[in-house]
Amino acid sequence: LIRFFTPKLLAGQQVLVSAGPTFEAIDPVRGLTNLSSGKMGFAIARAAHEAGAHVTLVAGPVSLPTPRGVGRINVKSALNMQKTLGVLSQNATVFISAAAVADWRPADIAVQKIKKDGSGQVPTLGFVENPDILAGIAQTARAQSRALYCVGFAAESEDLLAHAQAKRVRKGVPLLVGNIGPDTFGQDDNALLLVDEQGSSELPRASKLQLARQLVAEIARRLPNPSP
Ligand code: CTP
Ligand code: CA
């Protein structure tokens, strides 16, 4: 029923959403990842579809069902995710970066499983920084004069407003959404802080689906040519 009563605020929009963690391999059986259930990103994809958008979801490893009517591509590593989003963002009008991208990946992936040698020696891991996917996509769209409305998320442990505003500017995106903690990971509800050029506003604690629907409305009214 929600389909008939939801205003089609995103009709005609091509919405791309990233969600979940990335997984950075160490060897064939091990890796490092971030804490992220993917619930917020999946809820946003669902809400954007309800609002009449054409929605594609690029998901890291999560165990969540694909929202009805949403296209989904599964990825693993940050580099994987970057490549997939880079291609899909060419045709998108809105990009919502809800994924918890690993900031670093092991410098080398061992081809074979790393074995204990019995001496008690531990392996040393070197790391390299992953690319900032969101900043790169926003910058490419700007360079190509494409109207792509980019939305970032911020996970912070302190001073959310200041960090979120600085992050928004650094990434060159019009809207950054902060999780008002503590401990939103894997929970079904959350509260959000919206930070844009005008300042900030709060979406009070609610289910992730309710918040996703409100966020979609907030994005829709910020788009350059709002649909009627
Ligand atoms: N992000 C990204 N690529 C990365 C890291 C983050 O696209 N390599 C995106 C996330 O999807 C999110 C936003 O950038 O929308 C902010 O992520 P966050 O981890 O909070 O910021 P970082 O820039 O990684 O800074 P830090 O973790 O040091 O606070
Ligand atoms: Ca990070």
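Hydrogens, waters and symmetry mates are skipped; everything else that's a heavy atom, side chains included, is used. In each ligand, atom 1 is the first atom listed, and ligand 1 is the first ligand listed.
For ligand 1, the polar-atom distance check finds no N/O of A102 at less than 3.5 Å from any of the ligand's N/O atoms. When only interatomic distances are considered, the shortest N/O to N/O separation between S18 and ligand 1 does not fall below 3.5 Å. Below 3.5 Å of separation, one finds no N or O of E156 facing any N or O of ligand 1. The N/O atoms of A100, backbone and side chain alike, include none that comes under 3.5 Å of an N/O atom in ligand 1. Geometrically, ligand 1 and F153 share a nitrogen or oxygen pair separated by less than 3.5 Å. Some N or O of I133 is nearer than 3.5 Å to an N or O of ligand 1, by distance alone.
Of the protein's non-hydrogen atoms, the one nearest atom 10 (C) of ligand 1 is A99 O, 3.4 Å. With hydrogens left out, the protein atom closest to atom 7 (O) of ligand 1 is L134 N, 2.8 Å, a heavy atom. Regarding atom 15 (O) of ligand 1, its nearest protein heavy-atom neighbour is S97 O, 2.6 Å. Protein heavy atom in closest approach to atom 20 (O) of ligand 1: K167 NZ, 2.6 Å. The protein non-hydrogen atom at the shortest distance from atom 24 (O) of ligand 1 is D103 OD1, 3.0 Å.
No donor-acceptor distance shorter than 3.5 angstrom exists from the side chain of E197 to the backbone of P174, with no hydrogens or angles considered. Side-chain N or O atoms of R46 include none that pairs as donor or acceptor with a backbone N or O of A212 at under 3.5 Å. A side-chain donor-acceptor contact under 3.5 Å links N130 to the backbone of A102. In terms of modelled atom types and a separation under 3.5 Å, the side chain of N34 and the main chain of V101 share a donor-acceptor contact. Judged by distance alone, the side chain of R30 and the main-chain N or O of I114 form a donor-acceptor pair under 3.5 Å. R168 contributes a side-chain N or O that, together with a main-chain N or O of V173, makes up a donor-acceptor pair within less than 3.5 Å.
Near G152, with a cut-off below 4.0 Å to any heavy atom, the atoms of ligand 1 are 15 (O). Distances below 4.0 Å separate heavy atoms of A155 from the following atoms of ligand 1: 20 (O).
Within the set V101, L85, I137, the minimum heavy-atom distance to atom 5 (C) of ligand 1 is found for V101.
Under a cut-off of 6.0 angstrom, the local environment of CG in D103 is crowded, with over 12 non-hydrogen atoms contributed by other residues, nucleotides or ligands. Environment of CD in Q121: sparse, with no more than 12 heavy atoms of neighbouring residues, nucleotides or ligands closer than 6.0 Å.
Using modelled atom types, one finds no donor on one side chain facing an acceptor on the other under 3.5 Å when comparing Q139 with R142.
Close to ligand 1: K171, with a non-hydrogen atom less than 4.0 angstrom away. At a 4.0 Å cut-off, at least one heavy atom of R170 sits close enough to ligand 1 to count as contact. Heavy-atom separations between P131 and ligand 1 include at least one value shorter than 4.0 Å.
Under the 4.0 angstrom criterion, atom 28 (O) of ligand 1 counts as lacking any protein heavy-atom contact.
Atoms CG and CD1, on L10 and I219 in that order, are 7.5 Å from each other to the nearest 0.5 Å. In this structure, CG in L215 is found 6.5 Å from CG in L192, a value given to the nearest 0.5 Å. Atoms CG and CD1, from N80 and I73 in turn, are 11.0 Å apart once rounded to the nearest 0.5 Å.
Contacts between H163 and ligand 1, counted as non-hydrogen atom pairs separated by less than 4.0 Å, are absent for every part of the residue.
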